[in-house]
Amino acid sequence: MSFLQEIDGGVCAPTGFKAGGIHCGLRKNKVKKDVALIVSSVPCVAAGVFTQNIVKGAPVVVSKRNLQDGIAQAVICNSGNANTCNAGGEEVAEKMCELVTKVSGIPAGNVLVASTGVIGQPLDITPMESAMDELYSSISAEGGLSAAEAIMTTDTVPKTVAVEFSVGGKTCRMGAMAKGVGMICPNMATTLIFITSDVSIGHDMLQKALSDDVKTSFNMVSIDGDQSTNDTCCMLCNGLAGNEQISAAGADFNAFKRALHYCTVKLSRMIAKDGEGATKLLECNVKGAKSQKAAKNVAKAVIKSSLVKAAMFGADANWGRVLCAAGYSGEQIDPDKIDVDFTSAAGVLPVCKDGRGVPFDEDFAKKVLSCDEIQINICLNSGRYKASAWGCDLTYDYVKINGDYRT
């Protein structure tokens, strides 16, 4: 098995990538950066996965169009305005790509574009136009964190990860950044994710790796049950690591997928833990399912349950809510076989065996559920399949944040 280790650098960790972020004036808060740029020194093989919402942001439409040839070299993304449900939104998104062309020479068709923020308000491109020289000057091989900061909305922390691994005897790198703490529901829960790598890989294999991976990473995250209009997950690979191109399944493709899944799961956990108003990361682990589909659907149902999320906020070991959610998952499960425990840094708390409650100490339960990371472990005892999903507790602050988000 090839080695894999976490490193610094985010999207700039792979050879040939630079990034940066600045405040251009889209957001009233002048301390917060609001536009980011990622650039590869050479054209990249590129792939993407986008929101399944019928209402799609203009940047999603434009990026999907620009990805039709499987080539991209840059990504521009703004925060503060989603550029969604606006007259002329596509023209604005296309203009953002053209602004990158003006400063870099990269063809507009090789630029991916994304926006995040308030829906239904026109996006004035003037501030970005005026700041493009400054933005392009800001990009560097050390700019990954700055770019990640520029795409944050209600995020409280930037989300980045990078790894080093081997493919065909060559040292390769992969980096990623994400934003998203609200409007996150399974089946595309990606919010905005940008992944870079210096691996040489064919387009079909890259798209397969990305499309397959999100099914067990980003699509298993839920903050609030709402699906965004702008979800975008794009990956750019420039081939500068010098490995023989990955064009078929095999050891090299497996090494690439391992690195990708490490990054996507790490970001999924970061997204869930930073959910709007959240105080706890929840991880639901389901095993013993009849099928992969059953394991995933049960895990999703539990992690999406508002009652489970509220109980975790209150450190209330109300395991009946877990069984209730599993029961409406749509899967044929046997309630009389289900075991449940809650686990955290404080210890393991068995609460249900064979579908029936087991005695437990309430004070110990409070300690277990008062930690900031909690695992809800479910064994269905009906098969060999397993799945995990990630979410957060439901707090008073979630309502406060979304009660005046637009204003």
Taking only residues two or more places apart in sequence, or in another chain, which ones meet E90 in a salt bridge (Lys or Arg N to Asp or Glu O under 4.0 Å)?
R65
When N81 is tested against each of V92, N86, V118, T116 for side chain to side chain contact (heavy atoms under 4.5 Å, CB included), which residue passes?
N86
So, S305 side chain and V308 main chain: donor-acceptor pair closer than 3.5 Å or not?
yes
Can you list everything that forms a salt bridge (Lys or Arg N to Asp or Glu O under 4.0 Å) with D213? Sequence neighbours excluded, please.
none
Would you mind checking if D363 and K367 are paired as a salt bridge, meaning a charged N to carboxylate O distance below 4.0 Å?
no
With a 4.5 Å limit on heavy-atom distance, are the side chains of K386 and N285 in contact?
no
Name all pairs fulfilling the ring pair (Phe, Tyr, Trp, His ring centres under 6.0 Å) condition that reach into residues 234-291, sequence neighbours left out, sorted by first residue then second.
none
Neighbour count above 12 (heavy atom, 6.0 Å) for K18 NZ:
no
Is the number of heavy atoms from other residues, nucleotides or ligands under 6.0 Å of D69 CG greater than 12?
yes
Between S79 and K179, is any pair of side-chain heavy atoms under 4.5 Å apart?
no
Within the 3.5 Å criterion, strictly below it, is a donor on N78 or D34 matched to an acceptor on the partner's side chain?
no
Is E331 salt-bridged to K290, going by a charged N under 4.0 Å from an acidic O?
no
Drop me the distance from T343's OG1 to I374's CD1, to the nearest 0.5 angstrom.
10.0 Å
Tell me every residue that passes salt bridge (Lys or Arg N to Asp or Glu O under 4.0 Å) with E6, counting only those two or more places apart in sequence or in another chain.
K266
Examine distances only and state if a side-chain atom of N83 and a backbone atom of G89 form a donor-acceptor pair shorter than 3.5 Å.
yes
Decide yes or no for V157 and M270: does some side-chain heavy atom of the first lie under 4.5 Å from some side-chain heavy atom of the second?
no
Of all heavy-atom pairs between D274 and D155, which one has the smallest distance, and what is that distance?
OD2-CA, 3.5 Å
Has Q332 got more than 12 heavy atoms of other residues, nucleotides or ligands less than 6.0 Å from its CD?
no
Examine distances only and state if a side-chain atom of T101 and a backbone atom of L99 form a donor-acceptor pair shorter than 3.5 Å.
no
Heavy-atom distance under 4.5 Å between the side chains of V368 and S344, does that happen here?
yes
Side-chain donor or acceptor of S63 paired with backbone N/O of V113 under 3.5 Å
yes
In chain order, what residues pass the ring-ring contact (aromatic ring centres under 6.0 Å, His included) check against Y396, with sequence neighbours excluded?
F313
Is the backbone of E164 close enough, under 3.5 Å, to the side chain of R173 for a donor and an acceptor to pair up by distance?
no
Could you check if a side-chain atom of V100 sits within less than 4.5 angstrom of a side-chain atom of L37, using non-hydrogen atoms only?
yes
Whether Q73 side chain and I106 backbone form a donor-acceptor pair below 3.5 Å:
no
A301 versus Y328, closest heavy-atom pair with distance:
O-OH, 4.1 Å
Would you call D339 and K353 a salt bridge, using N to O less than 4.0 angstrom?
yes
Return yes if some donor-acceptor pair links the side-chain N/O of H23 with the main-chain N/O of V31 below 3.5 Å, else return no.
no
Sequence neighbours excluded, which residues qualify as salt bridge (Lys or Arg N to Asp or Glu O under 4.0 Å) partners of R269?
E283, E373
Thinking salt bridges, do D372 and K273 make one under a 4.0 Å N-O criterion?
yes
Non-hydrogen side-chain atoms of L210 and I195 separated by less than 4.5 Å:
yes
Using a strict threshold of under 4.0 Å (side-chain N to carboxylate O), is an ion pair present between D204 and K208?
no
Could you check whether any side-chain N or O of D252 sits under 3.5 Å from a backbone N or O of V167, counting only pairs where one atom can act as donor and the other as acceptor?
no
Do F360 and W319 have side chains that approach each other closer than 4.5 Å (heavy atoms only, starting at C-beta)?
yes
